[in-house]
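Within every chain, numbering begins at 1; the chains are lettered A, B, ... in the order of the sequence lines, protein sequences first and strands thereafter. This structure is a prediction, so every number in the text was calculated from the model and none was measured.
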Amino acid sequence: MSILDNLNPEQQKAVQATEGPVLIFAGAGSGKTRVLTYRIAYMVHELGIAPEHILAVTFTNKAAGEMKERIAQLIGEQAPSLWASTFHSLCARMLRADGAAIDIDPNFVIYDEADQRALIKETLSALNIDSEQYSPVDIHYEISNAKNELLTAADYKPHRKNPLERTAKRVYRNYQQRLAASNALDFDDLLMSAVHLLRESEELRDKYQNRFRYILVDEYQDINFAQSSLLELLADKHHNLCVVGDDDQSIYGWRGANVRLILAFEEHYPEAQVFKLEQNYRSTANILRCAYEVIRHNPARADKKLWTDNPPGEAPLVYRAINEQEEAEWVARLIQSQIRQGQAEPGDFAILYRTNAMSRVFEESLLDANMPYEIVGGVRFYERAEIKDVIAYLKTLLNPVSSVSLRRIINNPTRGIGAKTLQVLDSEARRRKVSLFEMCGIVSELDQIRIREQQAVADFYDMMTALHSRIDKLSLVKLVREVVKRSGSLQRLRESGAADDAGRAENVEEFVTAAARFQKTHEDNSLVAFLEHIALISDIDQAKELGSTVSLMTLHSAKGLEFPTVFIVGLEEEVLPHYRSMSDEFELAEERRLCYVGMTRAQQRLYLTHCHRRTIFGETQQMQPSRFLKDLPEEVVQRRGELAPGSSPRLIEAREEIPEMQMSGRRLDLTKILSRATAGATASAEQSRRSAEPIPSSAGDYTVGDKVSHPSFGDGRVVSIKGTGDEAEIVVGFPDKGIKKLLARYANLKKL
DNA sequence: CGTGTCTCTTTTTTT
DNA sequence: AAGAGACACG
């Protein structure tokens with residue numbers, strides 16, 4: 001009868017400990033979300049706590065959405081009064097409501113990464129700082145870190161001998177002035193200002209402390225200092241702060257997250273109750289074992305070890321591919337063959353990679369294999385240039401002082417307002433202490449600007465004022481439509497002959513649809529609300545149901561998800577671990593955790609693949625297998641398509657599994673490689689020289705039109721040949737089986 | 001002023 | 001491989 005019946009004893013304890021600070025270490029797959037949601041249900045149902053007194057904070061929108069949904073299932077109609085949101089939307093909400101207390105205009109716009117960088121560039125050039133010497137990226141990183149540490153420009157203390165930091169301080173101050181003048185907050189400001197607000201106003205602190213009597217935080221290992229300070233302030237009265245996390249899954253250190261904060265929780269709240277959820281319900285024993293062997297090499301982990309009652313399952317498989325194309329084809333074929341055998345559906349598979357750029361080959365191979373797939377994350381809709389343009393119009397309308405937005409659109413589409421004109425406008429605006437937009441309205445006073453350009457500016461100004469006057473009169477969609485029409489941006493895209501522009505025009509139309517959807521589904525469908533939604537939610541596809549298609553995503557985006565079958569691809573040195581992280585011990589540990597996070601997403605099957613060669617930056621390189629592969633326990637791992645990395649070469653039986661890759665063919669090939677490898681020295685120079693040589697190929701034996709025989713497809717005719725050597729791709733038409741793309745290396749074709 | 005071409009750099013992960 | 005910025009030309 002009780003909610004508690006569905007929980008194990010440790011979970012029950014964690015659910016019932018509702019009062020006071022609580023720290024829950026929840027290993028991968030240990031039912032963390034379950035505990036969080038049941039805890040809330042328990043508080044509401046069994047203890048009668050009003051949902052509006054509960055705040056659930058998550059790190060991503062996806063997690064927040066899921067939590068709301070799950071809680072709604074448990075507590076029904078009371079759910080809407082509960083706050084479940086990300087840190088950033090929580091802060092934005094507080095600041096819209098009460099930011100006036102610290103001089104924040106409720107209509108502030110949120111500057112995203114690109115806006116921030118544009119403003120930094122603007123600042124750099126205004127301060128006459130050479131952006132070659134001090135790159136906007138580096139400066140921004142410094143400022144962002146300072147804000148994460150809650151240091152204002154005045155508080156920020158650069159190292160005396162560090163010119164970058166000293167420059168950053170100058171820029172920080174000026175940048176902040178520009179943000180204020182633009183009535184804008186950047187991502188980091190949201191957090192910092194919310195803390196500021198609570199510190200400054202006792203009244204508001206009281207208000208929020210009384211409102212949020214029970215606070216739950218997910219993914220606490222990803223928290224930064226500003227976020228933890230915010231929580232401390234909010235929980236300062238009732239002390240009912242429950243945090244859940246797993247230090248082994250901390251993968252956002254590069255963004256200011258600090259794992260030590262979870263480890264230091266007990267120091268800060270000595271009375272904290274600590275629970276450890278160590279039983280894994282997700283993965284097979286073998287998968288878990290492998291994951292553990294990878295993670296256990298990290299220093300300074302909180303002491304814990306996952307265990308499971310699940311059966312051992314299949315041994316995780318390590319596959320070495322020739323190059324990324326072959327890797328992708330192997331993955332696609334494996335998926336295809338499992339689906340054909342009725343063992344699985346597309347939604348059972350996830351392909352996880354280190355960087356978004358790696359998704360492309362997999363898309364192609366899945367397309368070839370006719371597999372439905374979906375890319376999660378990646379280039380987000382709202383970040384496309386044409387969409388950002390429309391958004392910039394909206395931001396400017398809401399907030400004409402927002403200089404970054406105005407600069408983006410003033411000559412987009414081109415209307416004859418060039419750099420020169422803009423520069424004059426800007427310096428005059430500065431001299432007269434008016435905003436750039438206001439300056440546009442009095443452009444006729446400037447005789448440095450030619451009449452033609454004056455006219456262009458004036459027309460632009462008139463258009464924007466006309467649109468501005470309609471903000472309150474038109475519904476959101478109508479306003480967006482009007483903007484798209486009046487600005488001429490859609491028309492330009494439609495009329496352009498450029499191939500990509502048709503797609504861009506469609507995107508703009510899709511944006512209008514997104515506005516319509518927002519208007520329909522949100523109670524507060526004002527322009528402000530819509531823009532905030534875009535800035536913070538920023539994922540138009542999030543509503544799409546995963547589950548019917550193969551999922552492609554980065555290891556980072558996979559956090560919190562699970563799939564029956566997981567492929568982690570590109571397990572190579574310099575990819576995972578990423579080359580930018582290899583020189584730093586701390587970052588290296590984070591790469592390892594990233595690998596661990598990926599592995600623990602798998603329920604039934606885990607495939608780890610790496611390539612012998614990979615093309616990076618348009619250059620083909622020899623790759624070494626990832627060091628993480630070396631940590632796998634040999635007794636529970638199958639290795640295929642390769643020589644065991646680092647150790648003495650050995651041949652491992654390949655099971656017949658994929659029709660195109662026949663035993664005999666591969667054994668022959670491996671034997672060849674084996675003999676050459678043992679004959680030669682192990683020096684890497686020697687190795688690369690050798691593999692640069694063309695490997696004796698069968699491709700040369702075929703010409704288009706040849707009749708060939710395949711062990712399982714029977715007789716067919718060569719349709720085309722792409723490439724050379726063992727990488728050659730031979731397309732063969734088989735009368736019964738259709739057209740097949742075969743790799744010369746594996747196909748084991750016989751010429752007839 | 002706008003466009004096109006060329007070179008150059010850049011690619012980690014994201015609220 | 002692709003995008004951004006520099007430069008030259010119309």
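- A cation-pi arrangement, defined by a distance under 6.0 Å to the six-membered ring centre and an angle within 45 degrees of its axis, is present between R96(A) and F108(A).
- F518(A) and H533(A) have tilted rings, their planes meeting at an angle from 30° to 60° on a 0 to 90° scale.
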Original post:
Nucleotide by nucleotide, 5' to 3', does protein get under 4.0 Å of the base (B), only the sugar-phosphate (S), or neither (-) in nucleotides 2-10 of chain C, counting heavy atoms?
Top reply: S--S-----
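- Across the protein-nucleic acid pair, I451(A) atom CD1 and dC1(B) atom C1' stand 16 Å apart, rounded to whole Å.
- Residues passing the side-chain hydrogen bond (donor to acceptor under 3.5 Å, both in side chains) test with S250(A), sequence neighbours excluded: none.
- Heavy atoms of F87(A) sit nowhere under 4.0 angstrom from any nucleic acid atom.
- For the pair R93(A) and W83(A), the cation-pi criterion (under 6.0 Å, within 45° of the ring axis) is fulfilled.
- D98(A) and Y208(A) form a side-chain donor-acceptor contact under 3.5 Å, judged by distance and modelled atom types alone.
- Residue E590(A) is out of contact with every strand shown, counting any heavy-atom pair closer than 4.0 Å.
- Between S557(A) and dT14(B) there is a side-chain polar atom (N or O) within less than 4.0 angstrom of OP1 or OP2.
- We find the CZ-CG distance between F225(A) and N258(A) to be 9.5 Å, quoted to the nearest 0.5 Å.
- For T600(A) (side chain) and Y596(A) (main-chain N/O), a donor-acceptor pair under 3.5 Å exists by modelled atom type.
- The aromatic rings of F567(A) and Y607(A) lie parallel to each other, with less than 30° between the two planes, well short of the 60° mark.
- For the P atoms, the distance from dA6(C) to dT11(B) is 16 Å, rounded to whole Å.
- Computed from coordinates, the R255(A) CZ to dT15(B) P distance equals 6 Å when rounded to whole Å.
- Atom-to-atom, CE of M358(A) to P of dT13(B) comes out at 11 Å; the value is rounded to the nearest Å.
- Listed by chain and number, the residues in a side-chain contact (heavy atoms from CB on, under 4.5 Å) with L164(A) are Y134(A), D138(A), I139(A), E142(A), N162(A) (sequence neighbours excluded).
- Put simply, OH on Y141(A) is 14 Å from C1' on dT14(B), counting in whole angstrom units.
- Of all the residues in residues 404-414 of chain A, N411(A), T414(A) reach under 4.0 Å from DNA chain B with at least one non-hydrogen atom.
- Between the side chains of T58(A) and D218(A), no donor N or O sits under 3.5 Å from an acceptor N or O.
- One interatomic measurement links the two molecules: CG of L552(A) to P of dT13(B), which rounds to 15 Å at whole-angstrom precision.
- There is no side-chain donor-acceptor pair under 3.5 Å between Q221(A) and D248(A).
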Show the distances under 3.5 angstrom between N or O atoms of the protein and N or O atoms of nucleotides 4-7 of chain B.
none

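- Among the nucleotides dT14(B), dC1(B), dT15(B), the one closest to the side chain of K420(A) is dC1(B).
- A side-chain donor-acceptor contact under 3.5 Å links E363(A) and Y373(A).
- A donor and an acceptor atom, one from each side chain of T609(A) and E327(A), are located under 3.5 Å apart.
- Between the CZ atom of R117(A) and the C1' atom of dT9(B) there is a distance of 14 Å, given to the nearest Å.
- Counting to the nearest Å, the P atom of dT13(B) and the CZ atom of F59(A) are 15 Å from each other.
- Looking at the side chain of R450(A), the nearest of the listed nucleotides dT11(B), dT13(B), dC1(B) is dC1(B).
- Contact between the side-chain N/O atoms of N356(A) and the OP1/OP2 oxygens of dT11(B) is not found at any separation under 4.0 Å.
- Using modelled atom types, one finds no donor on one side chain facing an acceptor on the other under 3.5 Å when comparing K121(A) with Q116(A).
- For the pair L576(A) CG and dT11(B) C1', the computed distance is 15 Å after rounding to whole Å.
- Side-chain contact, H578(A) with E591(A): no donor N or O sits under 3.5 Å from an acceptor N or O.
- Nearest nucleotide to the side chain of T554(A), out of dC1(B), dT15(B), dT13(B): dT13(B).
- Heavy-atom distances to DNA chain B give each of Q116(A) and H578(A) a nearest nucleotide, and the one nearer the 5′ end belongs to H578(A).
- OP1 or OP2 of dC1(B) has at least one side-chain nitrogen or oxygen of T421(A) nearer than 4.0 Å.
- Sequence order on DNA chain B of the closest nucleotides to L594(A) and I417(A) puts I417(A) first from the 5' end.
- Contacts of residues 243-252 of chain A with DNA chain B (heavy atom under 4.0 Å): Y252(A).
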